[in-house]
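Have a look at the structure below, then the notes.
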Amino acid sequence: MTFSLSKTVVSLEGEQLYSYEYAALITKTSITLVKFYVELGVIEPIGDLLHSREIARIAQIQRLRRDLGLNLVGAAMVLDMTTEIAQLRAQLKVYQSHSSNSL
């Protein structure tokens, strides 16, 4: 199987973007599966390219499916909840630091 690993594309924000082919190679999946994840909204492309965090998300989904036996929807929900918890913890930390500085 040959993969087209074209040059890295850099977004306007200076972030590197990668092809679906590269994502499939790195995550040991298929281009069809990457496209399927995009169609379902499990990962969010930028045009026909993916940010490295989306490639990491594919790998995490694959690991959750393989190691825990979760289906695709369950794996995506676990990742979404994990992200939300991390955001809430960060907000709580900021709130706590502002509260302690006010004393």
Side-chain angles (χ1 to χ4, degrees):
M1 181 179 258
T2 304
F3 288 94
S4 169
L5 298 179
S6 58
K7 297 176 188 171
T8 303
V9 175
V10 179
S11 72
L12 296 174
E13 294 79 26
E15 299 173 322
Q16 292 185 345
L17 303 175
Y18 304 93
S19 67
Y20 291 0
E21 292 85 1
Y22 181 81
L25 177 66
I26 294 300
T27 59
K28 299 178 182 167
T29 59
S30 67
I31 298 166
T32 304
L33 186 61
V34 172
K35 289 179 180 178
F36 182 64
Y37 285 1
V38 169
E39 288 174 17
L40 290 177
V42 175
I43 58 172
E44 296 178 14
I46 300 169
D48 287 335
L49 300 170
L50 297 171
H51 191 278
S52 60
R53 69 179 159 263
E54 298 301 322
I55 296 173
R57 186 172 169 88
I58 294 169
Q60 291 169 327
I61 289 169
Q62 292 302 103
R63 191 183 78 248
L64 288 168
R65 295 183 75 196
R66 180 187 65 240
D67 296 350
L68 299 179
L70 297 177
N71 64 22
L72 178 58
V73 173
M77 287 177 65
V78 165
L79 291 179
D80 291 343
M81 287 188 293
T82 302
T83 301
E84 188 172 345
I85 289 169
Q87 290 170 344
L88 289 170
R89 284 183 176 160
Q91 290 173 355
L92 180 59
K93 196 172 193 178
V94 168
Y95 175 76
Q96 288 173 335
S97 70
H98 286 304
S99 294
S100 64
N101 290 337
S102 299
L103 297 176

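Basis for what follows: all heavy atoms, side chains included, without hydrogens, waters or symmetry-related copies.
In terms of heavy atoms, V42 sits closest to A76 at CG1-CB, 4.2 Å. Closest of all the heavy-atom pairs between Y20 and G47 is OH-O, 3.9 Å. Contact between A24 and S30 at its shortest, heavy atoms only, is CB-C, 3.6 Å. Here the closest heavy-atom approach between residue A59 and residue T27 is recorded as N-CG2, 3.9 Å. Closest approach of V38 and P45 over heavy atoms only: CG1-CG, 3.6 Å. A pairwise comparison of heavy atoms in Q62 and T29 identifies NE2-CG2, 3.5 Å as the closest pair.
By the criterion of side-chain heavy atoms lying less than 4.5 angstrom apart, applied directly or through intervening Ile, Leu, Val, Met, Phe, Trp or Tyr residues, M77 is not grouped with L79; the two fall into different hydrophobic clusters. Hydrophobic clustering, with ILVMFWY side chains joined whenever heavy atoms are under 4.5 angstrom apart, groups F36 together with I31. I61 is not connected to I85 by any chain of hydrophobic side-chain contacts under 4.5 Å among Ile, Leu, Val, Met, Phe, Trp and Tyr, and they are in different clusters. Under the 4.5 Å side-chain heavy-atom criterion for Ile, Leu, Val, Met, Phe, Trp and Tyr, L33 and L40 are members of the same hydrophobic cluster. Under the 4.5 Å side-chain heavy-atom criterion for grouping Ile, Leu, Val, Met, Phe, Trp and Tyr, V94 is not connected to L92 through any hydrophobic cluster.
Here I55 contributes atom CD1 and Y18 contributes atom OH; the two are 6.5 Å apart, rounded to the nearest 0.5 Å. Of the inter-residue distances, the one linking L64 atom CG with L72 atom CG reads 10.5 Å to the nearest 0.5 angstrom. A distance of 11.5 Å separates CG of L17 from CG of D48, quoted to the nearest 0.5 Å. With rounding to the nearest 0.5 Å, the separation of CD1 in I58 from CZ in R53 is 13.0 Å.
The neighbour count for E44 CD, taken as heavy atoms of other residues, nucleotides or ligands under 6.0 Å away, does not exceed 12.
Judged purely by distance below 3.5 Å, without hydrogens or angles, the side chains of Y37 and E39 never pair a donor atom with an acceptor atom.
Evaluation of the side chain to side chain donor-acceptor pair (under 3.5 Å) test over residues 69-89, restricted to residues two or more places apart or in two chains, returns R57-D80.
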Exercise for the section: Please test V34 against I43 for side chain to side chain contact (heavy atoms under 4.5 Å, CB included), starting from the C-alpha separation and ending with a verdict. Expected result: CA-CA 8 Å; V34 172; I43 58 172; 4.2 Å; yes

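Apart from L88 itself, the hydrophobic cluster it occupies contains nothing, where clustering links Ile, Leu, Val, Met, Phe, Trp and Tyr at side-chain heavy-atom distances under 4.5 Å.
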